[in-house]
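Have a look at the structure below before the remarks.
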Amino acid sequence: MSTVLVLNGPNLNLLGTREPEVYGATTLADVEKLCAQACAQHGFTLDFRQSNHEGELVGWLHEAGRAQAAGTLAGVVFNAGAYTHTSVALHDAIKGAAVRVIELHISNVHAREAFRHHSYISPVARAVMAGFGVQGYALAIAGLAAIA
Ligand code: CA2
């Protein structure tokens, strides 16, 4: 059985506690349960992580690239949070690890401030999903099942 790694970047640990008008009332623990259900439906095991540290996310992407090459990982669903709009290091990590990444945003970043319209992740992502709320995580896992 292959694994799906769901990676969450900075501040996503605050999900459900602030800005519910933008991100909803669901907590990150609820999102993990939703992902576990979606993975079970598609025959994946789930590895769910969050970090506020760019370097830790880089290390996890390298690890994911090795697991994908070994055939144990279907891919990564990655909500890089604000690092989406700033991080050349995450761009390079995805490219360097040659790992299959689905870029995920809870909100429709293109309907928000101009600084959220550019993504360093999109050019190295296999697919991009934004604006479905937390249900986007389940949809991205279904998408990985369709292409992996
Ligand atoms: O829509 C998304 O999922 C984002 O990746 C969320 C990031 C934001 O910087 C991106 O532009 C779009 C923010 C994650 C922080 O989430 C919070 C949740 C509740 C309260 C405060 C922050």
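Just so it is clear, the values below take in all heavy atoms, side chains as well, and ignore hydrogens, waters and symmetry mates. Not measured: the values here are computed from a predicted model. Just follow the structure's listing: the first ligand is 1, and inside any ligand the first atom is 1.
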Hey, are the side chains of Thr72 and Thr3 touching, using non-hydrogen atoms and a 4.5 Å cut-off?
no
His42 and Phe44 aromatic ring geometry - parallel, tilted or perpendicular at 30°/60° bounds:
tilted
Atom CZ of Arg126: over 12 foreign heavy atoms under 6.0 Å:
no
Whether Tyr137 and Phe48 hold their rings parallel, tilted or perpendicular, with breakpoints at 30° and 60°:
tilted
Passes side-chain hydrogen bond (donor to acceptor under 3.5 Å, both in side chains), Glu103 versus Thr84? Steps please.
CA-CA 9 Å; Glu103 177 181 352; Thr84 304; 4.9 Å; no
For atom 1 (O) of ligand 1, what is the nearest protein heavy atom, given as residue, atom name and distance?
Ser107 OG, 2.6 Å
Looking only at protein heavy atoms, which one is nearest to atom 3 (O) of ligand 1, and how far off is it?
Ile106 N, 2.7 Å
Strictly under 6.0 Å, is that where the ring centroids of Tyr120 and His118 end up?
yes
At what distance is the nearest protein heavy atom to atom 21 (C) of ligand 1, and which residue and atom is it?
Glu19 OE2, 3.7 Å
Tell me, please: is Thr84 in heavy-atom contact with ligand 1, that is, under 4.0 Å?
no
Closest non-hydrogen protein atom to atom 19 (C) of ligand 1, residue and atom name please, with distance?
Arg18 O, 3.2 Å
Students should be able to answer this: which protein heavy-atom is nearest to atom 4 (C) of ligand 1, and at what distance?
His105 ND1, 3.7 Å
As an exercise, identify every atom of ligand 1 less than 4.0 angstrom from a heavy atom of Gly81.
5 (O), 7 (C), 9 (O)
Of the listed options Asn11, Asn13, Leu15, closest to atom 22 (C) of ligand 1 (non-hydrogen atoms):
Asn11
Inter-residue atom distance Leu57.CG - Leu7.CG, 0.5 Å rounding
6.0 Å
Of all the atoms in ligand 1, which lie at a distance below 4.0 Å from a heavy atom belonging to Val109?
11 (O), 12 (C)
How close does the nearest protein non-hydrogen atom get to atom 11 (O) of ligand 1, and which residue and atom is it?
His85 NE2, 2.7 Å
What is the closest protein heavy atom to atom 18 (C) of ligand 1, and at what distance does it sit?
Tyr23 CD1, 3.5 Å
Heavy atom of the protein closest to atom 8 (C) of ligand 1 (residue, atom name, distance):
Arg116 NH1, 3.3 Å
Should Arg112 be counted as touching ligand 1, given the test is an N or O pair under 3.5 Å?
no
Using a strict 4.0 Å cut-off to heavy atoms of Ala82, name the atoms of ligand 1 that fall inside it.
9 (O)
